[in-house]
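First the proteins, then the strands, lettered A, B, ... as listed; each starts at 1. Computed from a prediction, not measured in an experiment: that's the story for all the values here.
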Protein chains: 2
Amino acid sequence: MDRPVLPLVGAPRVERADAVRNRLHLLATAREMLAEQGTENLTMDGLAERAGLGKGTVFRRFGTRAGIFKALMEDEEQAFQKQVLSGPPPLGPGAEPLDRLIAYGRARVGFMIEHREITRAGLDGRQSVPTGSEATLSRMHIRMLLGQIHLGAADLDVLAVQLTAALEGPLLLYLSASDLTEASLQIEERTAQGWQDLVQRVCRP
Amino acid sequence: MDRPVLPLVGAPRVERADAVRNRLHLLATAREMLAEQGTENLTMDGLAERAGLGKGTVFRRFGTRAGIFKALMEDEEQAFQKQVLSGPPPLGPGAEPLDRLIAYGRARVGFMIEHREITRAGLDGRQSVPTGSEATLSRMHIRMLLGQIHLGAADLDVLAVQLTAALEGPLLLYLSASDLTEASLQIEERTAQGWQDLVQRVCRP
DNA sequence: AGCATAAACGGACTTTACCCCGTTTGCTAT
DNA sequence: ATAGCAAACGGGGTAAAGTCCGTTTATGCT
C-alpha cells in the first residue's frame, strides 16, 4: 500500500504531555528563583540545572530568555483580565463605560507597578520591540469600552492603541528611571489621575 | 608644600582629545558597517577591528552595544529637532500651536519610520527600559507647544508624556510587527491621521 | 501489542557582550 | 621642558544566550 499516512500538513498538532509537564515545571522553578534572586540573576543554565532539565529544553520551550518572562506575565495578565471582566461594578460590567475606562486605568497602573520587574525583563532587547501580546489584552479591553462610548466618527482601533500607549508608556518610563521604593505611591497616583484627565478629555462630547 | 593639587572633586572634567577623535571615528565606522550589513550584524569586536581600535575602547566610549545606537540616534534627533525648531511655518514657528503640534506628529512619524532600525537597536534589553533621552526631546517639544495652547487646568507634564507615548508607541508596535516594505505608507498615513484626531480631541475647548 | 514518526530532550559548542587590569597617553601646573 | 596623574587604551578572560544534532520518547495507527 502507499502512504496516505500524512496526518496533517503544517498544523502544529497538540502539545505533547512531557512538553506540558516540563513547561509548567520550568515556570514554577523560574518563579522560585525569581523570588529568591530577582530577574537580573536568572540565567538559562541556572534554571535548567535547578529544574533538572537540559538547557536545550528550556530554549525549546520558551525560545528565548525574554520568552520566560513573557510566559510568566501572560499568566498574570490572564488573572488580571478575568478579575477585570467579572469584578464589581466600577471595574467590571454594570457601570458606565467611561467610568469603567477610568477604573481600568487605575487598576492597570497598580498591576504594572506590582509586576514591573517581570514586565521589564520580558521586553526583548534583540529584535522586534514589543513582540507578542505585550499589551494586547489591555488594548482589546480598552477598544471594547471605547466601542460602548458614543464617539463621533473616529478610528477606534487606532485610538485604542494610542490610549494603551498613553497608559503604559509613562509607567515604563518612570519605572525605569527610578527604583521607586518610595516615590512609588506618588507616581502611581499621578499617573492614574493623568489617565482620568486624558480619558475625560478625549471622550467628552 | 601640601597637595591642594586636587583639581576638582567628582567633576567629570572635559573629554580628552583622543577620546573625542576615537568616538567620532567609531561612530563613522559604525555608520559604514550599518549601511553594509544592517544593525543585526554589527558586533563590538567587528567594529573595534574595523576601526583599528581595541575592544575595550569601544566599550569605554559607549558603555554598551545599545549605547552606540543611542549615540547615533542622538545625532539624528538633534538634526531633526533643529529642523523642527527653525523650519517653515506649519512645523516651525509662525503657525498656530495646535497646527504645529499636528504637523510635528506627522513629521515625527516619518522620522521614526525612516530610522526605525537604529531606534529599535538602541532599545536596551537588559535593565532600564527606555534609558536615556529616548524621546526626551520629542516630549519637551510637545510640552512646549501644549503650554502655548490654552487648556484648562491640566497637568501638562503628564499630558506631554502621555501624548509622546501615544505618538511613538503605536509606531513601535507596528514597526516591530511587520517588516513593512509596502504597508509602510498606509501605516504612516493612518498613524499620522490618528495623531491629528487625538490631538484635536484633547485640545478642543 | 508493535511500529512509524514527529516531537522533545540534553548537553557540547559557538558567539558575543561585557569586565579587568596592566600599560600608555594627553593634560596641567610648576 | 617635565613631572605627576587622571583618563584612555588594548586585548585576553568570563559568563551567558542561543544553536546543533544525535538520542530518546510520546502518540496515533494497525
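B/Arg143 places no side-chain N or O within 3.5 Å of a backbone atom of B/Met140 that could act as its donor or acceptor partner. A donor-acceptor pair under 3.5 Å is absent between the side-chain atoms of A/Gln162 and the main chain of B/Leu198, judged by distance alone.
Atom CD in B/Gln37 sits about 11 Å away from atom P in C/dT16, given to the nearest Å. The separation between B/Leu47 atom CG and D/dG11 atom P is 15 Å, rounded to whole Å. A/Arg65 places its CZ atom 15 Å from the P atom of D/dT19, with the value rounded to the nearest Å. In this structure, A/Leu42 places its CG atom 12 Å from C1' of D/dA17, rounding to the nearest Å. Whole-Å rounding puts the B/Phe59 CZ to D/dG10 P distance at 14 Å. Between the CZ atom of B/Phe62 and the C1' atom of C/dC19 there is a distance of 18 Å, rounded to whole Å.
With rounding to the nearest 0.5 Å, the separation of CG in A/Leu72 from OG1 in A/Thr39 is 11.0 Å.
Salt-bridge annotation for A/Glu188 and A/Arg108: absent, with no side-chain N of the basic residue lying under 4.0 Å from a carboxylate O of the acidic one. Here B/Arg21 does not pair with B/Glu15 in a salt bridge; the nearest charged N to carboxylate O distance is not below 4.0 Å.
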Q) In the 5'-to-3' direction, what one-character label does each nucleotide of nucleotides 8-15 of chain C receive under the scheme B = base within less than 4.0 Å of a protein heavy atom, S = sugar-phosphate only, - = no such atom? A) BBBBBB--
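A/Thr64 has a side-chain polar atom (N or O) that falls below the 4.0 Å cut-off from OP1 or OP2 of D/dG18.
Summary for the helix from C/dA1-D/dT30 to C/dT30-D/dA1: the axes at its two ends, each from 5 pairs, differ by 30° when rounded to the nearest 10 degrees.
With contacts defined as side-chain heavy-atom distances shorter than 4.5 Å, the pair B/Leu101/B/Leu146 qualifies. When side chains are defined from C-beta on, A/Trp195 does not count as touching B/Val158, because their heavy atoms never get closer than 4.5 Å.
Heavy atoms of other residues, nucleotides or ligands lying less than 6.0 angstrom from CD of A/Glu189 number more than 12.
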